[in-house]
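One structure is given here, and the rest of the page talks about it.
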There are 2 protein chains.
Amino acid sequence: MKEESRKDEIINTAAKLFKEKGYSAVTMRDIATAMGIKAASLYNHISSKQEILKEIIISLAEEFTQGMEFIKSSNFSSIEKLKKIVSLHISITSQNTYGMASLNNDWMHLEEQLPYYLKLRSNYENEFRKILKEGIKKNEIANSDVEVMLFSMLSTLRSLYIWIPKKEDLNSEELSNNLSHVLINGINK
Amino acid sequence: MKEESRKDEIINTAAKLFKEKGYSAVTMRDIATAMGIKAASLYNHISSKQEILKEIIISLAEEFTQGMEFIKSSNFSSIEKLKKIVSLHISITSQNTYGMASLNNDWMHLEEQLPYYLKLRSNYENEFRKILKEGIKKNEIANSDVEVMLFSMLSTLRSLYIWIPKKEDLNSEELSNNLSHVLINGINK
DNA sequence: ATATTTAACTAACACTTGTTAGTTTGCTTG
DNA sequence: CAAGCAAACTAACAAGTGTTAGTTAAATAT
């Protein structure tokens, strides 16, 4: 029961193609061909193209929600919490770079699940924002524009899916330390 | 001759739709309907859907190339050059957020123009990288991993198109200062 | 006034899309 | 061996795709 099901194979194959061309440009025939079968055969395992997208995106969004929940309820310092967020993004992204591309680029093609996804996303951003504000109040974080700091960090973390696959010899911990350092201390001497 | 031509109207309307749903999900009928005409009428002004995408992306990519060329050949300090790059991104993006969405998300659907676009992009990244390396050599910039710094800054700058439209009362200069400060000094106290 | 241009229209095309129905194949289990 | 099942297949569909051809109406230039 723990081995990868045929459905999972379809989802992973699709995610790979979605990353290259986007959800709308990938046809069911593309997915089927990549698996060496015919398009109609896909429907023995999944109910629609939509379902594939939903499975890719929602499971990832829930992983992030869970990770943030854990960090929130910890008693790390604000800076330590931010470092944990960096680790969270690197960990999830390096395990599923294809899916992360869909999460970032194809979320608007969710249909019934779109409101749920948007709720998870704005909750996540709100928790992130709270950590920054708390850090400023506690004098751990510079009193710069919170929205600018949030935007800058989140943009970088959300783009990891583009960048991680280019680094063949990825050491997650080292990357996490380097990236945390740059995000927290900037590039200044 | 300086007023917006019908072709430009089509390109701008298309860019807006491309931002919302992506190039592949937008049909010629969608573009036409948004302009209050029929799809076939578009072809009095443009030769293909492809051409619309090309016009949007290539002109923006060339603007960036030109801006970088200017910064490169200036004799600002490395940090000042980076601040100019931040300004460049904010300026181009706030003038054309729709187009910037296509540049970021739909470039892979360029066909004949794809190699040219990729060349411009990698040249741009190389010049950016050179500025960082020069800054490290001159002891203006911290000796952190150059690729991590480059990735972090570029990710943030490339995501501006998502964020700028949310700020209704945009003061470009103030944003430029705030963002430069965060990118250069980080968020640390 | 006539000729020309601009920019819209209708109608249609060949092809591609997601999906369904019904069937066949080959493995697993009693 | 027979039955059941998982997972492939072929064939077809209705709707939607980008695009072309030919036409028409209004604005502009001669």
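- Seen from the ring of B/Y23, B/K49 counts as a face-on cation partner, given the 6.0 Å and 45° thresholds.
- Listed nucleotides: D/dT10, C/dG18, D/dA7. Nearest to the side chain of A/A40: D/dT10.
- Look at B/S41 and you'll find a side-chain N or O under 4.0 angstrom from OP1 or OP2 of C/dC9.
- Ranking C/dG18, D/dG18, C/dC9 by closeness to the A/K49 side chain, first place goes to C/dG18.
- On a pure distance criterion of 3.5 Å, no polar donor-acceptor pair joins the side chain of B/R29 and the base of D/dG16.
- Distance from the side chain of A/I37 is smallest to D/dA8 among D/dG18, C/dT19, D/dA8.
- When the C1' atom of C/dA8 is taken as reference, atom NZ of B/K7 falls 18 Å away, rounded to whole Å.
- B/E80 and B/S77 form a side-chain donor-acceptor contact under 3.5 Å, judged by distance and modelled atom types alone.
- One can place CD of A/E51 at 14 Å from C1' of C/dG18, the figure rounded to the nearest angstrom.
- Checked against B/I85 for a side chain to side chain contact (heavy atoms under 4.5 Å, CB included), the options B/I90, B/L183, B/L157 give a single hit: B/L157.
- Checking D/dA7, C/dA7, D/dT19 against every side-chain atom of B/A39, the shortest atom distance belongs to D/dT19.
- Rounded to an integer number of Å, the gap from CG of A/L42 to P of C/dT19 is 10 Å.
- The CD1 atom of B/I46 sits 12 Å away from the P atom of C/dA8 (whole-angstrom rounding).
- Between D/dA6 and A/H45, no contact under 4.0 Å exists linking OP1 or OP2 to a side-chain N or O.
- Atom-to-atom, NZ of B/K38 to P of C/dT6 comes out at 23 Å; the value is rounded to the nearest Å.
- B/T27 comes within contact range of the sugar-phosphate backbone alone, with a heavy-atom separation under 4.0 Å but no base atom that close.
- For A/Y43 and D/dA11, the OH to C1' distance is 16 Å, given to the nearest whole Å.
- The distance between atom CE of A/M28 and atom P of D/dA12, rounded to the nearest whole Å, is 21 Å.
- The pair A/E147-A/R129 meets the salt-bridge criterion, with a side-chain N (NZ, NE, NH1 or NH2) lying under 4.0 Å from an Asp/Glu carboxylate O.
- Spacing between atom CD1 of B/I10 and atom C1' of C/dA7 amounts to 10 Å, rounded to whole angstrom units.
- Between A/H89 and A/Y124, the gap from one ring centroid to the other is short of 6.0 Å.
- A donor and an acceptor atom sit less than 3.5 Å apart, one in the side chain of B/N44 and one in the base of C/dA8.
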